[in-house]
Student: 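Sharing a structure, written as structure tokens. Questions coming.
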Amino acid sequence: MHKSAQGSPFCLLLTGTGTDVGKTVTTAALLRSLLDLGAKAMAVKIVQTGVEASDCGKTTASDSYQYLLASKGADFPTAHCLHSFPLPVSPHLAAAQVGVKLSAKKLACDIQTFVQAQSDYDVLLFETAGGLHVPLSEQEDWLHLLSYLHFPVVLCAANCLGAINHTLLSLDALRYAAAHVSALVFSETGSSQDDCERTLRADNINLLRSRFPSLAVYPLPYTEKREERFARLAQALAPLARNLLAAKPKNATSDLISRDRASLWHPYSPARDNAPLSAVSFSHHNRLVLSDGRELIDGMSSWWCAVHGYRHPHLESALHAQLTRLPHVMFGGLTHEGAITLAERLKSMLPRALSRVFLADSGSVAVEVAMKMALQYQYGLGNKEKTRFLTPLGGYHGDTLGAMSVCDPINGMHSLFSGCLARQIFMPRPSCRFDEPFDPQSLDAARQIFAERGEEICAVILEPIVQGAGGMWFYHPDYLKGLADLCKASGALLIFDEIATGFGHTGKLFALQWADLTPDILCLGKALTGGTMTLAATLCTDKVQDGICANGQVFMHGPTFMANPLACAVANASLDLLASGAWQSQVLAIENVLRQELAGCQSLPNVADVRVLGDIGVVETRSAVDTCTLTRFFTEHGVWIRPFNNLVYLMPPYISPLEDVARLCHTIYEALASTGTGASPSH
Ligand code: PMP
């Protein structure tokens, strides 16, 4: 007998194009069919209305009663009802009448708990109440529940006049929700000798089969004789039942991990890697759901990106609308509204002098573009000797060769390539902390380098205020002001890489606002699309574009996926969310929790420093942490935190509930206190 992976039953959701379309009969018949094939199956009504809880399964008004009728003779439970309410109306009203507040999430949890308790079953059939948009609460309907569960779906429809319209609309909704539709069951809801009706029914089936050749469509005949009913219907659904039983389990976690290990590289990893790896099957809000059903609180915003959380409906619908119009088009000689609007909006959010926008396809490419802009600017001005970039140690700007050349050469990830990278000029990391009075001496090294090698320096490139992947170091805004003056005096350009800091992470929309400065060139990326697609932007001033284009020159860059319309659409949607302004109080509230709840880590013996700015919380340890041990600890404790070297850090999505932020902090404390990485706790 087939069995799903890890002893978990195969779960299917049965829903309909409306009420009274044959959903319960289909569920009961499919149950019978599965039982006839020897499977251990159960049908579950998720929410039953119009029936007292105590009557559920006993009265003909309850769907579980039909399941019991269909499965007569089985020697194990075959019918169940999760929630039952007496009022015969939609679930949200029926529940409200007895003081219960339903939510898609709560129902999804109930279902998952129920599934876990039925590990000896082969198949569980879950029947909804009514169609996909029937409300479960004021804001949610069955589609929301489906997006939490990700069960494959059987759509039930009544084969009658009007069926095509309802069926196509329901299939559209399911496709939009990324649901996997296993089958369409088309029930005859009455007997008809009428030729016209017979023709209509046959045409409905043919039309759906021809529009969706890969969708299995099962006609379910009408039967009057009660006693024969389920046996006959079960026969009609036997091929579907067989397919379900033969279906390869979709949630075989260990299988996914071994397939991954056989074929894929992961960031900064050996080819044959045995480090802990989790498969994510689904994400929502500030949660990542693993393929084994575990849900993790996200502390990383997927490396600074997912600031609005995952699968925000505004971002999803922008993406979907764009997909149906213009997913991609080359940007040479062509343009589109999404790119134009995005450029205008970015300009309106930034200092006025940043007047031209180059839309690149990733952060590293945006940095390459910025470096090329600076070099072409200096060439344009005839400054042929100005070819080197000056940058502080501890910086990180990406993984392509040009970007690597300005990453920290010693501590950075690219020391391996130092022999073949362009030789740049490095100065000490800004020593003045963000949260201490500015020390003008911290600019001495820069001053000296400009005095000695100023004529070689094409541009200074650095991450303003927060050095990210190179050490999560926060430094004083006045350092940037001093550097800007030095650049101006020597004719070097100033490039700010705000790929990580942009769009609110530091508590300001852009980190440059802390210093009230306008760089000559600015790189943006990561949260630009709210973490949904890859897109980056490099902006420059009139001065830079005029220098580049002096003597009729063109700017020499043009990626294939430049200004990808899908990415532009979702970036515009993300800017809508930021424009609402909620991010500011959210980041401030997260900052307060991080300050309060991470403070305790300071007393751990292996902790060197704890610092917080905006939604960025950093615990720096004295010696490097064991990433594998800590990652395992974190996932086992229900959080997603990815430490590196001597840094355990957080940048939770702005929409994170504050109790989740506190839990992230406490888990870091527990991990550092108990795994040996942080030695013993002192409080
Ligand atoms: N610059 C900074 C400051 C970054 O943090 C990163 C990514 N970590 C990059 C550039 C490179 O961006 P991407 O990974 O999108 O190429």
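Indexing begins at 1, ligand by ligand and atom by atom, following the structure's order. Along the sequence shown, residues carry numbers from 1. Being a predicted model, the structure only gives us computed values, none of them experimental.
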Student: Using a 4.0 Å cutoff against the non-hydrogen atoms of Ala500, which atoms of ligand 1 qualify?
Tutor: 5 (O)

Student: Under 4.0 Å, counting heavy atoms only: does Lys526 come that close to any atom of ligand 1?
Tutor: yes

Student: Looking at atom 10 (C) of ligand 1, what's its closest protein heavy atom, distance included?
Tutor: His397 O, 3.1 Å

Student: Hey, which atoms in ligand 1 end up nearer than 4.0 Å to a heavy atom of Asp497?
Tutor: 1 (N), 2 (C), 3 (C), 10 (C)

Student: Measure the distance from atom 16 (O) of ligand 1 to every protein heavy atom, then report the residue, atom name and distance (to 0.1 Å) of the closest one.
Tutor: Ser364 OG, 2.5 Å

Student: Could you tell me which non-hydrogen atom of Cys523 sits nearest to which non-hydrogen atom of Val367, and how far apart they are?
Tutor: SG-CA, 4.1 Å

Student: Which ligand 1 atoms, with their elements, are less than 4.0 angstrom from a heavy-atom of Glu463?
Tutor: 3 (C)

Student: Is atom CZ of Arg447 surrounded by more than 12 heavy atoms (other residues, nucleotides or ligands) closer than 6.0 Å?
Tutor: yes

Student: How far apart are the closest heavy atoms of His266 and Asp260, and which atoms are they?
Tutor: NE2-OD2, 2.8 Å

Student: Near Gln602 CD, under 6.0 Å, is it more than 12 heavy atoms from other residues, nucleotides or ligands?
Tutor: yes

Student: Check each atom of ligand 1 against the heavy atoms of Gly398 and keep those under 4.0 Å away; list them by number with element.
Tutor: 10 (C), 11 (C)

Student: To which protein heavy atom is atom 12 (O) of ligand 1 closest, and what is the distance rounded to 0.1 Å?
Tutor: Gly363 CA, 3.2 Å

Student: Of Asp478, Thr501, Thr506, which is the lone residue that meets side chain to side chain donor-acceptor pair (under 3.5 Å) with Trp514?
Tutor: Thr506

Student: Can you confirm whether more than 12 heavy atoms, excluding those of Lys481, are under 6.0 Å from its NZ atom?
Tutor: yes

Student: What pair of heavy atoms forms the shortest contact from Ser574 to His308, and how long is it?
Tutor: OG-NE2, 2.8 Å

Student: For ligand 1, does Tyr396 get within less than 4.0 Å through its side chain, its backbone, both, or neither, judged by non-hydrogen atoms?
Tutor: both

